[in-house]
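Step one of this worksheet: look at the structure below.
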Amino acid sequence: KGKRAFVAGVADDNGFGWAIAKSLAAAGAEILVGTWVPALNIFETSLQRGKFDESRKLPDGSLMEITKIYPLDAVFDNPDDVPEDIKTNRRYAGSTNWTVREVAESVKRDFGSIDILVHSLANGPEVSKPLLETSRNGYLAALSASSYSYVSLLKHFLPFMNPGGSSISLTHVASERIIPGYGGGMNSAKAALESDTRVLAFEAGRKHKIRVNTISAGPLRSRAAKAIGFIDTMIEYSLANAPLQKELTADEVGNTAAFLASPLASAITGAVVFVDNGLNAMGVGV
Ligand code: NAI
């Protein structure tokens, strides 16, 4: 029967979140998305104007429907956590109920339950700085936006996730291997996300029969990745050195997410699944 998915971290048609939503939609799921508040306006406008129609195309020729878009800022759990300068910010003032708890409450009120929760978001304000030059605030902000945001989302959505459901996040090999340029504490944020995937798999599995996995993706020229600055170098490096010498598409990650969310993966939980053309398995560049 049709499943319902909430995909957090979709604000254009270039990133992993969009591709995951598409793969889930192609498999018959109903799609709800959470879009970062400052990006909401342009995303909704572009969608309405048909700017994404070409990339909304599913394999059967129909267009992916997004049932509802929720404004979300996953750095805040409750309205009480939101500082004054954000509250009064022009880009936030037009939206309401966008803290994690409020979004979860809204989804529960609107739809009753979900089956699939996807976390496809990250932010590290000092990502372009080496770790030795990263400030405490920058480091903690990276963990807040990229790691705790997932703990918080799962914590708030879990009570109304149907047993047998599945949760997925996106991680990066910089958690366990040195990737110069992936700075600002983002390596630590991904290490936390992967460790939490195991602990959350235990807790959510025992308590709610929900599976928790993370996909360690290879390089993709998304908006977030372009902001980091060395994405083209990473793509070239992968092309030159990975076992599979082809560029990774977002759809390949989307399809893996659809598999992980499906009954085909009913015994897979607590796993870090590499979708990177095998690059992580290499010991040296060749
Ligand atoms: P993206 O730009 O499509 O997605 C990141 C999203 O996070 C954006 O939509 C942005 O608006 C949202 N966001 C940022 N801060 C937020 C907040 N506080 N609350 C709510 N949303 C927020 O880029 P991409 O690359 O698809 O990123 C998705 C995930 O994939 C991230 O976890 C990223 O670290 C991961 N990843 C990306 C790789 C790449 O090469 N692009 C490689 C491996 C992992």
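Nothing fancy with the numbering, it's 1 onward along the sequence. When a ligand or atom number is given, it counts from 1 through the structure's own listing order.
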Practice task
Taking N187 for its side chain and A174 for its backbone only, find out whether a donor-acceptor pair lies under 3.5 Å.
Solution key: no

Problem - Short side-chain donor-acceptor distance under 3.5 Å, Y150 and T197 - result: no

What does the N/O contact table under 3.5 Å look like for ligand 1?
from, atom 1, to, atom 2, distance (Å)
ligand 1, 2 (O), A224, N, 3.1
ligand 1, 18 (N), W36, NE1, 3.4
ligand 1, 18 (N), D73, OD1, 2.9
ligand 1, 19 (N), A74, N, 2.9
ligand 1, 23 (O), S222, OG, 3.1
ligand 1, 25 (O), S222, OG, 2.6
ligand 1, 26 (O), F16, N, 2.8
ligand 1, 32 (O), L121, O, 3.3
ligand 1, 32 (O), K190, NZ, 3.0
ligand 1, 34 (O), K190, NZ, 2.9
ligand 1, 40 (O), L220, N, 2.9
ligand 1, 40 (O), L220, O, 3.4
ligand 1, 41 (N), L220, O, 3.0
ligand 1, 41 (N), S222, OG, 3.3

Handout entry: Within one Ile-Leu-Val-Met-Phe-Trp-Tyr cluster: I215 and L24, side-chain cutoff 4.5 Å
Key = yes

Handout entry: Side-chain H-bond candidate by donor/acceptor type, N78 with T99, under 3.5 Å
Key = no

Expected list for residues 230-240: side-chain donor-acceptor pairs under 3.5 angstrom, two or more places apart:
from, atom 1, to, atom 2, distance (Å)
D232, OD1, R221, NE, 2.7
D232, OD1, R221, NH2, 3.1

Practice task
Scan side-chain atoms only and decide if D60 and S62 contain a donor-acceptor pair under the 3.5 Å cut-off.
Solution key: yes

